[in-house]
Amino acid sequence: MEKQLAKTYDPKEVETRIYDFWVNNGYFHTKIDKSKKPYTIVMPPPNITGQLHMGHALDNALQDTLIRFRRMQGYNALWVPGTDHASIATEAKIVEAMRKEGITKEEIGREAFLERAWAWKNEYGSRITKQLRKLGSSCDWDRERFTMDEGCSEAVKEVFVRLYDKGLIYRGERMINWCSKCCTSISDAEVEYEEKEGHFWHIRYPFADGSGYIELATTRPETMLGDTAVAVHPEDERYQDKIGKMLILPLVGREIPVVADTYVEKDFGTGVVKITPAHDPNDFEVGRRHDLPIINVFTEDGYINENGGKYQGMHKDDCRKAIVKELEEQGYLIKVEPHVHNVGTCYRCHTAVEPRISTQWFVKMEPLAKPALEVVKNGETQFIPKRFEKTYFHWMENIKDWCISRQLWWGHRIPAWYCADCGEITVSKTTPDCCSKCGSKNINQDSDTLDTWFSSALWPFSTLGWPENTEDLKHFYPTSTLVTGYDIIFFWVARMIFSGIEQMDKTPFDTVLIHGIIRDAQGRKMSKSLGNGIDPLEEIEKFGADALRFTLSTGNAPGNDMRYLPEKAEASRNFANKLWNAARFILMNLDENEPAPHIPNELLIEDKWVLKKFNDIVKEVTDNLEKFEIGVAVSKLYDFIWDVLCDWYIELCKVRLNGEDETAKAQARAVLVYVMSSTLKLLHPFMPFITEEIWQTLPHEGESIMISDFPVYSDALNFTEDEKNFEKVMAAIKAIRNRRSEMNVPPSKKAEVFIATADKNTFESCGGFFVKLASASKVTVGDDFNIDGAVNIVTADASVFIPMNELVDLEAEKKRLEKELNDAEKNLASLLGRLSNQAFISKAPAQVVEADKARAETLKEKIALIKEGIAKIG
RNA sequence: GGACGCUUAGCUCAGCUGGUAGAGCAUCUGCUUGACGUGCAGAGGGUCAGCGGUUCGAGUCCGUUAGCGUCCACCA
């Protein structure tokens, strides 16, 4: 066979070629096949603004592993890719780009803005999906979707109308979180709390009747412009006589009452709280209870409005300074204390959110949350690891209504029209001609758009064609596995679950596989501002996509965070290279017309050993993958390939391959080809490129490894006895190597080896291995030997003598054997101790007791052999 | 304030339903053995955070303490 592989594996050359090969042959495209069980994954859609980061790389590596595994197992496996329009993030980018040109949204108007946005989407929207291809993602690109494409938009409108008709979507004036930079409302889930150093400003509010003052503290003095009361606890003795009295609001001059409300904690601070119903959710409630006026003092973009008197037009941050200054000048400020408190910030731009009263659209959550809790409780949907179910329950049980309207243009426009004549709201999937109530033509569509997560909540079914009852939907819904990070359980997973149940009557997936986030070498979160992000594309460039995937999917437990160390990728790269070279070795030994992979009729003990090991690995890897233990599966494969296949079996085969016996050579080649190509199949879901490249070069049947059958466990390969026997030989070889190394004998110095054993058959048949792997010049197997001045090495099943007189220090040798004897005896004593414990014998499982008994027996034999060895030295 | 996670070899981490501790990297010693030095053969290194309990037996289960971390709630 003329095929040659380069000495080191070059992923760059291989990866693009292989990926194109897969795409061009349509292997990623899934045709509905009703004879097969469906297995479906919908990809968490990356933002169109995004660039591939380590989180995407991990998420997609895991998904690709699962989908490739199931595809090879014979499932009708479908992986639906797509992107998210990311309303806030995208709009912010476009606004920013426009700002650089000196124009604003308002100047060009909604239509022109959306034109720009679409142009931007068309230019950058495919960047991230191209990057996903670099990882080897085998998704069905023919089914690629976008949250704002026609079908998904249709789904959004359908859901909105349905929920509205059921009374589950409503419009109302509520206190919401307002981001003054993004200039939109955001949902509770989108608020991130950050600990910030602030101050407690202690201020005195004088009584209107001149009878002194009341002291209170605030962290946001600028909100006092909107104060409409001061509250104390109804049972606070200190203030009993003050309740109902009027105060003069400093700087403003407004008269406000002292009210009593249990919301106030007596023991905190001064026990007095200023009440600003327009700018604090708790104050809002207090205001409601006491029928207080609501005075909004901020504009949408964070400035003081006309209610702020002389402060109007000032930014709220500047206003704070001005107010503090004046309070001090006018003697209202008592003291300032440093105070660390949590400030709610916008998860996109991290500016402080302002609680604000405004009219918005909401989804009524309670009726939706109930069944969503139920499907997880009854196991229809399970989280892996299970502990995340608790997080999910807690959130779902305490859920508040979801604010879904956003004051943005990029997104799904709310399908509601307001009648200018009668005020009726017409909600409709299609644009209505007139008001549904009075028939007036004077109607206007709501200018707001929907929360990005509203459309992604529908992703598992909107991508399959819903609301049309498509064949895809019927066959592939509910989907199987959702793979995502714990950071978006609330944003996305929870909302998909209740949306799926509500619209489809079925939970959208049976398993949610949760992974952690990738951190830097110091354990810090990778972030743009820290500049500590590692670009997966650069790592692919350096080490190859397979190595990156291998690194990300091994060495950490599900749901746990992981540090990315370049050394890990390097180790993975080395592993790929190891595999490559093993293949190269096999290839250079092959015949011109080497037959396709098969197991020969005649097998030697080492063949049976490796086949048994392989068979075990098939079972374990399959089990692990079915239980989503991806990291465990891949590390087992690593060990099998490196230790069993490369360090042992290939070395063992060299005895035959370098010999003259053509039949034996062919036999070794056949087993090598069989084990290698089957192992490649096992590894393919994890390292798709290199496995395809090697598989194609070796004798094979079929077009591509990715559409070949995943190996299955075979009883015929369960050579337990041969495995056990062969491992006796391995133990002896290891012991000899060990001993020679301790004595500093170089491998070039060969020595004769005498093996005394009860299993002469096995050792005789394996004599060649001692020559090849244990530097033996000649091997003699017998019942017993009496050789003067020989090194004696004892294993459980053999006593090996190596006459190396010139190297042997008999005294040292005796000491060594005595130490070994001592260890063995200690070991035996502890075993016997346990075995004589009646409680152990009666309570421990029989197999455990048996195993201990067997161990004790072999130890006894070993001790006898060591004693003999010592006796021979004299 | 509540919930959860982590604490295992110098470093980064595995260790599934309890049965005499593992890997990679690093360190040390040998090796120009024609697949691979991105390699081969060997070695050293751990009272599995502390304490208590359950058990014949605990890194693994329960309780508790400490340190670190995350999420949720949020007191002006």
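In what follows, chains carry the letters A, B, and so on, assigned in the order in which the sequence lines appear, proteins first and then strands, with residues in each chain numbered from 1.
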Problem set entry | With sequence neighbours excluded, residues passing side-chain hydrogen bond (donor to acceptor under 3.5 Å, both in side chains) with Arg739(A) | Glu742(A), Glu813(A)
For this session: Mind checking ring pair (Phe, Tyr, Trp, His ring centres under 6.0 Å) for Tyr392(A) and listing every partner two or more places apart, or none if nothing turns up?
Result: Phe383(A)
Exercise. Between Thr223(A) and Lys274(A), is any side-chain donor less than 3.5 angstrom from a side-chain acceptor?
Worked result: yes
Exercise. What distance, rounded to whole Å, do you find between the two P atoms, one in U55(B) and one in G67(B)?
Worked result: 32 Å
Problem set entry | Distance-only polar pair, side chains of Tyr347(A) and Glu192(A), donor-acceptor under 3.5 Å | no
Please write out the pairs of protein N or O atoms and N or O atoms of nucleotides 46-49 of chain B separated by less than 3.5 Å, giving the distance to one decimal.
none

Exercise. So what's the dot-bracket for RNA chain B: Watson-Crick or G-U pairs under 3.5 Å, [ ] if a pair crosses, | if it pairs off-strand?
Worked result: (((((((..((((.....[..)))).(((((.......))))).....(((((..]....))))))))))))....
For residues 627-636 of chain A, tabulate all N or O donor-acceptor pairs below 3.5 Å that involve a side-chain atom, not counting sequence neighbours.
| unit_1 | atom_1 | unit_2 | atom_2 | d |
| --- | --- | --- | --- | --- |
| Glu629(A) | OE1 | Asn624(A) | ND2 | 2.7 |
| Ser635(A) | OG | Gly631(A) | O | 3.3 |
| Ser635(A) | OG | Val632(A) | O | 3.2 |
| Lys636(A) | NZ | Glu620(A) | OE1 | 3.3 |
| Lys636(A) | NZ | Asn624(A) | OD1 | 2.9 |

Exercise. Nearest-Å distance, CE (Met175(A)) to P (C74(B))?
Worked result: 13 Å
Exercise. Among Leu216(A), Thr218(A), Val297(A), Leu327(A), which one satisfies side-chain contact (heavy atoms from CB on, under 4.5 Å) with Met224(A)?
Worked result: Leu327(A)
Problem set entry | Residue-phosphate contact under 4.0 Å: Trp642(A) side-chain N/O, G24(B) OP1/OP2 | no
Exercise. Roughly how many Å is it from CD1 in Ile488(A) to P in C71(B), rounded to a whole number?
Worked result: 15 Å
For this session: In whole angstrom, give me the gap between the P atoms of G50(B) and A66(B).
Result: 16 Å
What's touching nucleotides 54-60 of chain B from the protein side, N or O pairs under 3.5 Å?
| unit_1 | atom_1 | unit_2 | atom_2 | d |
| --- | --- | --- | --- | --- |
| C56(B) | OP1 | Lys843(A) | NZ | 2.1 |
| C56(B) | O2' | Asn837(A) | ND2 | 3.4 |

Problem set entry | Whole-angstrom distance between C13(B) and U17(B), as gauged at atom C1' | 22 Å
Pull out every protein N or O sitting under 3.5 Å from an N or O of nucleotides 2-11 of chain B, one pair per line with the distance.
| unit_1 | atom_1 | unit_2 | atom_2 | d |
| --- | --- | --- | --- | --- |
| A3(B) | O3' | Lys390(A) | NZ | 3.3 |
| C4(B) | OP1 | Lys390(A) | NZ | 2.5 |

Please tabulate the protein-to-nucleotide N/O contacts below 3.5 Å involving nucleotides 32-37 of chain B, giving atom names and distances.
| unit_1 | atom_1 | unit_2 | atom_2 | d |
| --- | --- | --- | --- | --- |
| A35(B) | OP1 | Lys654(A) | NZ | 3.1 |
| A35(B) | O3' | Arg584(A) | NH2 | 3.2 |
| A35(B) | O2' | Asn581(A) | OD1 | 2.7 |
| A35(B) | O2' | Arg584(A) | NE | 3.2 |
| A35(B) | O2' | Arg584(A) | NH2 | 2.7 |
| A35(B) | N7 | Lys654(A) | NZ | 3.2 |
| A35(B) | N6 | Cys646(A) | O | 3.2 |
| A35(B) | N6 | Glu651(A) | OE2 | 3.1 |
| A35(B) | N3 | Asn581(A) | O | 3.0 |
| A35(B) | N3 | Ala582(A) | N | 3.2 |
| C36(B) | O4' | Asn581(A) | OD1 | 2.9 |
| C36(B) | O2' | Asn577(A) | OD1 | 3.4 |
| C36(B) | O2 | Lys578(A) | NZ | 2.9 |
| C36(B) | N3 | Lys578(A) | NZ | 2.8 |

Exercise. Hey, is NZ on Lys196(A) packed in by over 12 heavy atoms from elsewhere, all under 6.0 Å?
Worked result: yes
Problem set entry | N/O (side chain, Arg573(A)) to phosphate O (OP1/OP2, U38(B)) under 4.0 Å | no
Exercise. Does one side chain, of Tyr564(A) or Glu539(A), offer a donor that lies under 3.5 Å from an acceptor on the other?
Worked result: yes
Exercise. If you find the nucleotide of RNA chain B closest to Lys636(A) and the one closest to Trp648(A), which residue's nucleotide is nearer the 5' end?
Worked result: Lys636(A)
Exercise. In whole Å, what separates the P atom of A23(B) from that of C72(B)?
Worked result: 39 Å
Seminar exercise, completed: Here the residues of residues 549-558 of chain A within 4.0 Å heavy-atom distance, strictly under, of RNA chain B are Gly555(A), Asn556(A), Ala557(A)
Exercise. To the nearest Å, how far apart are His339(A) NE2 and A76(B) P?
Worked result: 5 Å
Exercise. Do Glu194(A) and Thr345(A) have side-chain N/O donor and acceptor atoms under 3.5 Å apart?
Worked result: yes
Exercise. Could you give the distance from CG (Leu683(A)) to CZ (Phe640(A)), rounded to the nearest 0.5 Å?
Worked result: 11.0 Å
Problem set entry | Length of the line joining Asp487(A):CG and U70(B):P, which is rounded to integer Å | 13 Å
For this session: For residues 838-859 of chain A, pull every pair meeting salt bridge (Lys or Arg N to Asp or Glu O under 4.0 Å), keeping only residues two or more places apart or in separate chains.
Result: Arg834(A)-Asp852(A), Glu850(A)-Lys853(A), Asp852(A)-Arg855(A), Glu857(A)-Lys860(A)
Exercise. At their closest point, which heavy atom of Asp561(A) faces which heavy atom of Asn556(A), and how far apart are they?
Worked result: O-ND2, 3.4 Å
For this session: Round to the nearest Å and state the distance from Lys749(A) atom NZ to A41(B) atom C1'.
Result: 18 Å
For this session: For a side-chain contact (heavy atoms from CB on, under 4.5 Å) with Asp188(A), tell me which candidate from Ile176(A), Asn177(A), Ile399(A) qualifies.
Result: Asn177(A)
Seminar exercise, completed: Nearest-nucleotide check on RNA chain B, Leu859(A) vs Glu567(A); residue mapping nearer the 5' end is Leu859(A)
Exercise. Between U60(B) and G30(B), how far is it from one C1' atom to the other, in whole Å?
Worked result: 39 Å
Problem set entry | Rounded distance in Å - CZ (Arg737(A)) to P (C31(B)) | 16 Å
For this session: Determine the Euclidean distance between corresponding P atoms of C16(B) and G59(B); express it in Å to zero decimal places.
Result: 13 Å
Seminar exercise, completed: Atom CD of Glu742(A) and atom C1' of G44(B) are separated, to the nearest Å, by 12 Å
Problem set entry | Contacts of Pro234(A) that satisfy side chain to side chain contact (heavy atoms under 4.5 Å, CB included) - sequence neighbours left out | Ala260(A), Thr262(A)
For this session: Check side-chain hydrogen bond (donor to acceptor under 3.5 Å, both in side chains) between Gln522(A) and all other residues, then give those that pass, not counting sequence neighbours.
Result: Arg524(A)
Exercise. Say you pick atom P in C51(B) and the same atom in G39(B); how far apart are they, in whole Å?
Worked result: 41 Å
